[in-house]
Novice: 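Sharing a structure here in structure tokens format.
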Amino acid sequence: GTLPDSAMKRVDTNSITYIIYIDRYTCNNLDIPINEIGLFMLNPIGNAVKRSNLVAYRPFTNIQKTEDFSLVFKWTLNF
């Protein structure tokens with residue numbers, strides 16, 4: 001998915017926070033649990049050939065997502 005501008009907040013000159021919100025109706029009752037998340041950026045270093053790069057990754061303990069809760073992932077990247 002693509003994050004809306006409202007999910008990105010500049011913390012200071014060299015830092016930005018990204019918030020990934022998975023609402024209570026998304027990713028429910030999957031065949032496999034959720035156990036990792038990644039943040040990709042489109043061409044962050046300005047290469048001639050545009051491609052997405054993985055800039056943040058986090059594995060975690062299995063979560064069997066249901067409509068009983070939402071998930072919020074918050075990353076602050078420092079450049």
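If you read the sequence from its start, that first residue is 1, and numbering goes on from there. Quick caveat: nothing in here was measured; it's all calculated off a predicted structure.
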Novice: To the nearest 0.5 angstrom, please state how far the CG atom of Leu71 sits from the CZ atom of Arg24.
Specialist: 12.5 Å
Novice: Look up atom OG1 in Thr61 and atom CG in Asn35, then write down how far apart they are to the nearest 0.5 Å.
Specialist: 9.0 Å
Novice: Any non-hydrogen side-chain atom of Ile34 less than 4.5 Å from a side-chain atom of Asn62?
Specialist: no
Novice: Does the side chain to side chain contact (heavy atoms under 4.5 Å, CB included) test come out yes or no for Met8 and Thr17, once each step is laid out?
Specialist: CA-CA 6 Å; Met8 298 174 250; Thr17 296; over 6 Å; no
Novice: Please identify each residue that fulfils side-chain hydrogen bond (donor to acceptor under 3.5 Å, both in side chains) with Asn14, with sequence neighbours left out.
Specialist: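 Residues passing side-chain hydrogen bond (donor to acceptor under 3.5 Å, both in side chains) with Asn14: none at all.
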Novice: Taking it one step at a time, do Phe73 and Ile22 satisfy side chain to side chain contact (heavy atoms under 4.5 Å, CB included)?
Specialist: CA-CA 8 Å; Phe73 298 94; Ile22 301 174; 3.8 Å; yes
Novice: Does Asn78 have any side-chain hydrogen bond (donor to acceptor under 3.5 Å, both in side chains) partners at least two apart in sequence or in another chain, and if so, which?
Specialist: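 Result, side-chain hydrogen bond (donor to acceptor under 3.5 Å, both in side chains) vs Asn78: Ser15.
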Novice: Mind checking who shares a hydrophobic cluster with Tyr21, ILVMFWY linked at side-chain heavy-atom distances under 4.5 Å?
Specialist: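 Hydrophobic cluster check, Tyr21: joined to Ile19, Val72.
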Novice: Check residues 44-59 and write down every donor-acceptor pair under 3.5 Å in which the side-chain atom is one partner and the other belongs to a residue at least two apart or another chain.
Specialist:
residue : atom : partner : partner atom : Å
Arg51   : NE   : Asn53   : OD1          : 3.3
Tyr57   : OH   : Glu36   : OE1          : 2.5

Novice: Specify the closest pair of heavy atoms between Trp75 and Ile37, including all atoms of both residues, with the distance to one decimal.
Specialist: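 Taking every non-hydrogen atom into account, CH2-CG2, 3.5 Å.
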Novice: Which heavy atom of Asp23 sits nearest a heavy atom of Lys65, and at what distance?
Specialist: O-NZ, 3.3 Å
Novice: What's in the same ILVMFWY side-chain cluster as Ile32, cut-off under 4.5 Å, chained through other members?
Specialist: none
Novice: Taking ILVMFWY side chains as joined if any heavy atoms are under 4.5 angstrom apart, and letting links pass through other members, which residues group with Tyr25?
Specialist: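 Members besides Tyr25: none; it forms no cluster.
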Novice: Go through the steps to decide whether Phe69 and Ile63 satisfy the test side chain to side chain contact (heavy atoms under 4.5 Å, CB included), and finish with yes or no.
Specialist: CA-CA 11 Å; Phe69 61 96; Ile63 296 174; 3.9 Å; yes
Novice: Considering all heavy atoms of both residues, which atom of Ile16 and which atom of Phe79 are nearest to each other, and what is their separation?
Specialist: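 In this case the closest contact between Ile16 and Phe79 is CG2-CE1, 3.7 Å.
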Novice: Just how far is it from atom SG of Cys27 to atom CD of Gln64, taken to the nearest 0.5 Å?
Specialist: 11.0 Å
Novice: For Leu77 and Met41, which heavy atoms make the closest approach, and how far apart are they?
Specialist: CD1-CE, 4.5 Å
